[in-house]
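Single-structure report; data block below.
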Number of protein chains: 2
Amino acid sequence: MASIKDVAAEAGVSVATVSRVLNDHPSVSEDARARVLAAVEALGYRPNAVARSLRTDQTRTLGLVISDVLNPYFTELARSVEEEARALGYSVIIGNADERPDLQDHHIRTLLDRRIDGLLVSPTDGGSPLILDAARAGTPMVFVDRWIPGVDVPVVRSDGRAAVRDLVAHLYGLGHRRLAIIAGPAATTTGSERVEAFRAAMAEYGLPLPDAYTGQGDFQAESGRRVTEGFLDLPEPPEVVFAADNLMALGALDAVRARGLRVPRDIALAAFDDIRWFVHTDPPITAIAQPTGELGRAAVRALVDRIEGRPPQSVTLPARLVVRRSCGEPDPQEPPAPEESPASQEPSPVTNRSQT
Amino acid sequence: MASIKDVAAEAGVSVATVSRVLNDHPSVSEDARARVLAAVEALGYRPNAVARSLRTDQTRTLGLVISDVLNPYFTELARSVEEEARALGYSVIIGNADERPDLQDHHIRTLLDRRIDGLLVSPTDGGSPLILDAARAGTPMVFVDRWIPGVDVPVVRSDGRAAVRDLVAHLYGLGHRRLAIIAGPAATTTGSERVEAFRAAMAEYGLPLPDAYTGQGDFQAESGRRVTEGFLDLPEPPEVVFAADNLMALGALDAVRARGLRVPRDIALAAFDDIRWFVHTDPPITAIAQPTGELGRAAVRALVDRIEGRPPQSVTLPARLVVRRSCGEPDPQEPPAPEESPASQEPSPVTNRSQT
DNA sequence: CTGAAAGCGCTTACAG
DNA sequence: CTGAAAGCGCTTACAG
């Protein structure tokens with residue numbers, strides 16, 4: 001592979017001049033520039049990014065560590081992150097933690113070894129020493145979606161409390177009283193916050209959330225199945241199961257189906273995180289939708305601000321309830337293909353918190 | 001950040017010795033090793049992968065360029081690729097082409113600039129000059145899923161012909177005669193092969209595949225919707241729509257639903273690529289399942305063989321038909337959670353080609 | 001405007 | 001077993 005030396009030789013200039021041309025340095029004669037460009041073309045030369053990074057101490061690369069690529073929510077997040085990063089001149093390397101703290105650390109370590117310019121993390125746990133150290137050591141970092149309390153790192157996330165309250169109002173209105181939740185890991189903020197929001201909203205309606213109706217999941221489908229089976233085995237099963245993410249909802253559906261039961265006739269179901277397939281499931285599933293794309297973009301902007309020396313900003317965006325038929329109400333003729341941005345700009349009545 | 005020099009100073013040895021310890025070079029005294037390790041620990045030293053790569057001319061990194069991360073098929077492929085790569089000591093950087101040749105080239109260029117050790121590509125098109133040049137220049141490369149004919153690069157893919165024939169047999173047995181297909185881009189192998197397999201299988205049953213029943217999609221949901229609307233507008237709409245990937249099936253479902261029609265009563269639907277949600281859609285969707293995880297792993301092994309100087313091998317794995325209810329047949333009580341590997345080892349009767 | 005030279009953080013023959 | 005030194009491919013003050 002041709003190096004800068006080859007180009008210099010071909011163009012009859014020094015490597016310094018080649019470098020200047022390549023980096024759009026102003027003080028290069030037109031003649032030199034033309035000769036260099038011609039040589040670059042002739043040799044098919046491409047600068048070695050590894051060497052450049054070593055010299056400039058920047059890689060123009062962002063690391064993104066997410067908890068589970070197979071979760072459509074994170075896939076979409078990853079996509080929007082890459083898009084915004086590309087627009088700002090950065091590449092992104094994704095690390096998939098698979099909800100495993102050890103894998104998360106593996107990826108963070110690898111990313112740090114590669115000297116990425118900044119790190120976007122959605123922590124799988126309460127914070128490994130590695131993350132904490134990196135943050136303390138001054139690695140530019142931003143938390144997306146999930147975060148670790150007590151660490152001085154900007155957080156870009158969505159607040160689902162209002163939407164959860166809307167959901168409980170919806171369920172209550174439908175006559176449901178025994179509501180259960182499949183929670184995410186308590187060590188994650190999204191894991192605990194969603195349960196707390198649910199519990200708080202239920203309290204407003206004078207409804208208790210007994211331990212038996214609080215199942216511990218891990219954001220993966222299998223745990224949703226297992227917890228739902230437990231619910232169904234109860235002497236008095238819940239009337240509604242609220243899954244704290246879409247994969248656990250999938251598992252819940254598997255469990256319900258395996259028993260030959262029907263949603264919502266035998267048990268109602270709702271999920272945190274909306275995905276396109278929810279429109280076509282049997283029945284369509286009521287869900288809480290996050291402004292995923294916007295979260296990803298805001299996270300990148302915050303991180304790049306931090307990297308480039310501007311003060312980064314934490315961002316919290318609201319989630320919203322999307323009512324479908326899985327809790328018993330007739331489908332309110334959902335508009336086709338509800339795109340994220342327009343919809344969140346003009347919220348429908350059902351989206352708004354109606355009481356407090 | 002501490003460098004190798006700092007470690008050497010701390011340990012009272014030369015950087016060469018530090019390097020030897022770090023790389024498990026045999027000729028290092030126990031004493032030196034212990035002092036270096038202690039210094040590494042004390043300083044929290046991590047080798048700079050950028051510098052190491054520049055020096056050794058290898059990055060221990062694989063590039064993976066896929067056509068669409070949002071497509072669950074590719075997400076799963078990416079996941080298995082990363083898993084196998086990690087097991088073999090490599091990292092992977094994913095580039096998402098979004099079915100856009102220009103974006104694909106952008107990622108390939110970036111990856112090449114970063115001097116990845118090898119490239120896994122599922123080409124979005126018939127082959128840009130960039131890919132062709134890279135292949136010719138000797139960049140270790142392997143095609144996964146899609147490939148480019150006439151290029152000397154190993155291919156790891158699945159052959160869906162038998163499964164497509166099974167599908168047509170299934171449809172024919174159900175009494176369907178007017179079968180339509182939503183094809184992928186003709187420039188991709190999977191785009192054209194699936195249509196060809198479908199057409200050939202239909203011919204065996206004496207069924208023609210008229211142009212009006214061949215819609216041109218681009219593997220994205222929106223095109224599936226558009227094409228399906230066209231089918232439904234026909235004076236004589238097809239009885240079955242076969243979508244060449246799962247996203248176009250999603251779009252087809254959107255279109256059918258928007259008209260207030262029902263699957264399979266008004267029109268039957270089948271898809272290439274199986275996803276977990278297909279079990280829970282209304283109705284459950286008949287699909288052709290690829291051994292996605294195995295494809296990803298085989299692709300990595302082939303690429304690493306190539307990188308490490310062993311002869312790489314092309315691999316073709318069979319896909320299989322999974323019958324559900326979207327074409328009219330009653331659901332044959334599908335076993336719960338059909339995992340990929342065991343299922344493909346003991347194919348059910350319906351999975352096997354019964355005639356020819 | 002241009003080039004020689006230093007240096008980024010490593011690895012690895014080469015001597016000893 | 002160990003260290004001094006060269007060199008990977010760049011960028012960038014420093015002189016001119």
Side-chain angles (χ1 to χ4, degrees), chain A residues 1-40 43-61 89 109-117 137, chain B residues 1-40 43-61 89 109-117 137:
Chain A
M1 194 151 252
S3 84
I4 196 172
K5 270 190 205 164
D6 303 312
V7 177
E10 173 84 12
V13 297
S14 72
V15 296
T17 297
V18 175
S19 177
R20 288 194 189 96
V21 171
L22 263 23
N23 293 291
D24 282 320
H25 188 100
S27 48
V28 181
S29 67
E30 257 323 305
D31 177 54
R33 179 180 310 278
R35 299 226 305 285
V36 168
L37 260 18
V40 165
L43 299 174
Y45 170 74
R46 294 287 319 173
N48 182 327
V50 175
R52 178 178 287 177
S53 291
L54 178 59
R55 178 56 227 242
T56 60
D57 201 30
Q58 55 170 0
T59 50
R60 304 276 323 166
T61 301
R109 206 181 322 268
T110 305
L111 258 7
L112 256 22
D113 286 354
R114 288 169 177 281
R115 301 301 192 261
I116 45 136
D117 294 340
Chain B
M1 196 152 252
S3 83
I4 196 172
K5 272 191 205 164
D6 303 313
V7 176
E10 173 84 12
V13 297
S14 72
V15 296
T17 298
V18 175
S19 178
R20 288 193 189 96
V21 172
L22 263 22
N23 292 290
D24 283 320
H25 189 99
S27 50
V28 181
S29 69
E30 257 324 304
D31 176 54
R33 179 181 311 277
R35 297 225 308 283
V36 167
L37 260 18
V40 164
L43 298 174
Y45 170 74
R46 294 288 319 175
N48 182 328
V50 175
R52 176 177 289 177
S53 291
L54 178 60
R55 178 55 229 244
T56 60
D57 200 32
Q58 57 169 0
T59 52
R60 304 280 318 170
T61 302
R109 207 181 320 270
T110 305
L111 258 9
L112 256 21
D113 287 354
R114 287 169 177 282
R115 302 300 192 262
I116 43 136
D117 294 341

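Below, read A as the first sequence line, B as the second, and so on, with proteins coming before strands; counting in each chain starts at 1.
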Value in whole Å for how far the [atom2] atom of [N] lies from [atom1] of [X]:
| X | N | atom1 | atom2 | value |
| --- | --- | --- | --- | --- |
| B/Gln58 | C/dT11 | CD | P | 11 Å |
| A/Leu22 | D/dC10 | CG | C1' | 10 Å |
| B/Asp113 | D/dC10 | CG | C1' | 13 Å |
| A/His25 | D/dT11 | NE2 | C1' | 11 Å |
| B/Arg115 | D/dG9 | CZ | P | 9 Å |
| B/Asp57 | C/dC10 | CG | C1' | 13 Å |
| B/Arg35 | D/dT2 | CZ | C1' | 11 Å |
| A/Lys5 | C/dG3 | NZ | C1' | 15 Å |

By nearest-nucleotide position on DNA chain D, the 5'-leaning member of B/Ala16 and A/Val15 is B/Ala16

Nearest-nucleotide check on DNA chain D, A/Thr17 vs A/Met1; residue mapping nearer the 5' end is A/Met1

Could you tell me whether the phosphate oxygens of C/dC8, OP1 or OP2, come under 4.0 Å of any side-chain nitrogen or oxygen in B/Asn48?
-> no

Discussion item. Strictly below 4.0 Å: does A/Ser19 bring a side-chain N or O up to OP1 or OP2 of D/dT12?
Written reply: no

What distance, rounded to whole Å, do you find between the two C1' atoms, one in C/dT12 and one in C/dG16?
16 Å

| query | Looking at B/Asp113 and B/Arg109, does any basic side-chain N land under 4.0 Å from a carboxylate oxygen? | reply | no

With hydrogens left out and only the distance checked, is there a donor-acceptor pair under 3.5 Å joining B/Arg55's side chain and the base of D/dG9?
no

Closest non-hydrogen atoms of B/Leu54 and A/Ala51, given as atom of the first, atom of the second and distance, are CD1-CB, 3.8 Å

Contacts of B/Asn23 meeting side-chain contact (heavy atoms from CB on, under 4.5 Å) (sequence neighbours excluded), chain-then-number -> B/Ser19, B/Arg52

Considering only side-chain heavy atoms of [X], which listed nucleotide, [options], is closest?
| X | options | result |
| --- | --- | --- |
| A/Ser14 | C/dG9, D/dT2, C/dA4 | C/dA4 |
| B/Leu54 | C/dT2, D/dC10, D/dC8 | D/dC8 |
| A/Ile4 | D/dT11, C/dG3, D/dT2 | D/dT11 |
| B/Thr56 | C/dC10, D/dG9, C/dT12 | C/dT12 |
| A/Ser27 | D/dC8, C/dA4, C/dC1 | C/dC1 |

Paired to C/dA4 by Watson-Crick or G-U wobble criteria (both distances under 3.5 Å) is none

Re C/dA13: Watson-Crick or G-U wobble partner, both distances kept under 3.5 Å, found to be none

Next on the checklist: Classify A/Ala49 by what it touches in the nucleic acid, base, sugar-phosphate, or nothing, heavy-atom distance under 4.0 Å.
Outcome noted: nothing

Value for CG (B/Leu22) from CZ (B/Arg33), rounded to nearest 0.5 Å, stands at 10.0 Å

Main-chain N/O of B/Thr59 paired to B/Arg115 side chain as donor or acceptor, under 3.5 Å = no

Taking for B/Pro47 and for B/Arg20 the nucleotide of DNA chain C with the nearest heavy atom, the one nearer the 5' end belongs to B/Pro47

How about A/Arg114 and B/Thr61: does a side-chain donor come under 3.5 Å of a side-chain acceptor?
yes

